[in-house]
Structure formats: C-alpha cells, structure tokens
Chemist: 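My questions all concern the structure below.
Basis for what follows: all heavy atoms, side chains included, without hydrogens, waters or symmetry-related copies.
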Amino acid sequence: LARELGDWLPADPELEFVKSAVHGGGRWLHFSQAHDGIPVFNSRVTVRMTNDGRVTQVTNLAYPRLDVSTTPAVSADRAATFAGLDLPAGVEPLKAPELTILPVERSTGDDFHLAWRVEFSTITPPGHWITFVDAGTGAILWRFNNVRFAEVTGTVRGDIELERQNDIFSDRGLPYV
C-alpha cells in the first residue's frame, strides 16, 4: 500500500489505522494522524481500493512534517478551569481533558498547537461545548458548540456516517431532526 500511495501522502505522516470497511464492490481503509502518539485534530486519510487491490481514491487530510512540542506546560486540571470560563457557572467537564494537536489555518500556512480538548454540556443554552486550550499558555484557541439548531417540517433523509468519522455513508431517515 505504501508503495502505491507514495505520491498521495505527506512525508512522514504518523498514520494510525482506524478501520477497514467493505462497501460498493471495494474496500475503504481509514487512518488518523498522530504526532508522537498525540492525535491531530480532524486529520485523516481514507483510501478506497478495488477488490483486486488497486487504489481508486485517496482523501488526504493529513499534515506533513509536524514540528510541535508534545510536552504540555499547562496541566489538564488547569486547562479544564480555563476552558470553563465564560460558560454557565457550575458546569463540569464531561470527561478528562485530552491532549491533541490543533491545526490552525493562517494566510501564511498552518500553525500547529499542542492543546487540551475539554468538553462541557450545558442546558441553557443547549450545548455540547468543545474547547481547545493551548497547552503551553492556557489561552483559549477555539471553542464551538457541537449542538446544531434547525426548524424542520416534513420528512428528512440524509447520508450519514453510521458510527464514527470515516464510516461509509448510508442514506437514512433522520427522525429527530
């Protein structure tokens, strides 16, 4: 596989196998990227192969030659405190903060930050907040609400990934939209 994909992948992309799925007369191989064992947020490589082993499609969202420290200066507990600022009083992280490499797109190219990913749930406003705290400075790099809002009448269908990122898409009814 590495020989066949040589020109399609970034140099030295620390890829980790996620899963393999058979669909539509071929096989899909899913990989995620890590740097020194720390996952790179939202990076992935997906390879579609025919049953006889020919590569027919490559989706490459990996980053070449990452150069970022993987030693945090800010503790996970301190990052959770910073991440909770500006959220309703009394919210607690849903789970322990996790280290990740956060790519930040700039006009001059991508910057990479070692960050703590901290997740919170709120009732008012409805939210599943994901906050990235710089593991070197404690600054909030990015926060977003993973809850989406919409008003819909009628029947809704859509292509969805069944369980995890990179699953094969399946047309399904969306009864709770």
Chemist: Counting N and O atoms only, with roles assigned by atom type, does the side chain of Arg148 sit under 3.5 Å from a partner on the main chain of Asn145, one being a donor and the other an acceptor?
Modeler: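 Between the backbone of Asn145 and the side chain of Arg148 there is a qualifying donor-acceptor contact (under 3.5 Å).
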Chemist: Walk me through it: do Leu66 and Gln33 pass the test side chain to side chain contact (heavy atoms under 4.5 Å, CB included)?
Modeler: CA-CA 11 Å; Leu66 291 176; Gln33 184 180 15; 3.8 Å; yes
Chemist: Which is it for Ile140 and Val133 under the side chain to side chain contact (heavy atoms under 4.5 Å, CB included) test, yes or no, and what are the steps along the way?
Modeler: CA-CA 5 Å; Ile140 303 294; Val133 177; 3.8 Å; yes
Chemist: At their closest point, which heavy atom of Gly138 faces which heavy atom of Val74, and how far apart are they?
Modeler: N-CG2, 3.6 Å
Chemist: State plainly whether one hydrophobic cluster holds both Leu94 and Ile123, where clusters connect Ile, Leu, Val, Met, Phe, Trp and Tyr through side-chain heavy atoms under 4.5 angstrom apart.
Modeler: no
Chemist: What heavy-atom pair brings Pro103 and Val40 nearest, and what distance separates the two atoms?
Modeler: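 So the minimum-distance heavy-atom pair works out to CG-CG1, 4.0 Å.
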Chemist: How long is the straight-line distance from OG1 of Thr46 back to NZ of Lys19, given to the nearest 0.5 Å?
Modeler: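 Interatomic distance, Lys19 NZ to Thr46 OG1, rounded to 0.5 Å: 10.5 Å.
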Chemist: To the nearest 0.5 Å, what is the distance between CG on Asp134 and NE2 on His113?
Modeler: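 One gets 6.5 Å once the value is rounded to the nearest 0.5 Å.
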Chemist: Can you name the closest pair of heavy atoms from Gly53 and Met49 and give their distance?
Modeler: O-CE, 3.2 Å
Chemist: Could you measure the distance from the CH2 atom of Trp129 to the OG atom of Ser121? Nearest 0.5 Å is fine.
Modeler: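 Answer rounded to 0.5 Å: 11.0 Å.
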Chemist: Of all the heavy-atom pairs spanning Val55 and Val47, show the shortest one and how long it is.
Modeler: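 Nearest heavy atoms, Val55 then Val47: CG1-CG1, 4.0 Å.
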Chemist: Using the side chain to side chain contact (heavy atoms under 4.5 Å, CB included) rule, take Leu114 and Ile38 through it: C-alpha gap first, then chi angles, then the decisive distance, then the call.
Modeler: CA-CA 9 Å; Leu114 180 65; Ile38 298 173; 3.9 Å; yes
Chemist: Phe132 and ring-ring contact (aromatic ring centres under 6.0 Å, His included): which single residue from Phe41, Phe82, Phe112, Trp116 fits?
Modeler: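 When ring-ring contact (aromatic ring centres under 6.0 Å, His included) is applied between Phe132 and each of Phe41, Phe82, Phe112, Trp116, only Phe41 qualifies.
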Chemist: Is there a side-chain contact between Ser20 and Trp28 (heavy atoms, below 4.5 Å)?
Modeler: no
Chemist: I need the minimum non-hydrogen distance between Pro97 and Ala76, along with the two atoms involved.
Modeler: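 That closest heavy-atom pairing would be CG-O, 3.5 Å.
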Chemist: Minimum heavy-atom separation for Thr70 and Pro72, please, with both atom names.
Modeler: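 What the structure gives for the nearest pair is O-CD, 3.6 Å.
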Chemist: Is Val104 reachable from Leu141 through a run of hydrophobic residues whose side-chain heavy atoms are each under 4.5 Å from the next?
Modeler: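 Result: yes, single cluster for both.
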Chemist: So how far is it from Leu15 CG to Ser43 OG, rounded to the nearest 0.5 Å?
Modeler: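 The distance works out to 8.0 Å.
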Chemist: May I ask you to decide if the ring planes of Phe144 and Trp142 are parallel, tilted or perpendicular, using 30° and 60° as cut-offs?
Modeler: tilted
Chemist: Rounded to the nearest 0.5 Å, what separation is found between the OG1 atom of Thr122 and the NE2 atom of His128?
Modeler: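 So the gap between those two atoms works out to 10.0 Å.
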Chemist: When Thr131 is tested against each of Arg143, Arg117, Glu119 for side chain to side chain donor-acceptor pair (under 3.5 Å), which residue passes?
Modeler: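 Only one option passes, and that is Arg143.
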Chemist: Does the side chain of Thr50 come under 3.5 Å of the side chain of Asp52 through a donor N or O and an acceptor N or O?
Modeler: yes
Chemist: Please check this pair: side chain of Thr100 against backbone of Pro39, looking for a donor-acceptor N/O pair closer than 3.5 Å.
Modeler: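 At least one qualifying donor-acceptor pair exists.
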Chemist: To the nearest 0.5 Å, how far apart are CZ in Arg44 and CD in Glu16?
Modeler: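 Here the interatomic distance stands at 15.5 Å.
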Chemist: Check the hydrophobic clustering (I, L, V, M, F, W, Y; side-chain heavy atoms under 4.5 Å; chains of links allowed) and say if Ile101 and Leu99 are grouped together.
Modeler: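 Looking at the clustering, Leu99 is in the same group as Ile101.
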Chemist: Are more than 12 heavy atoms from other residues, nucleotides or ligands located less than 6.0 Å from atom CZ of Arg78?
Modeler: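 Result for CZ/Arg78: open.
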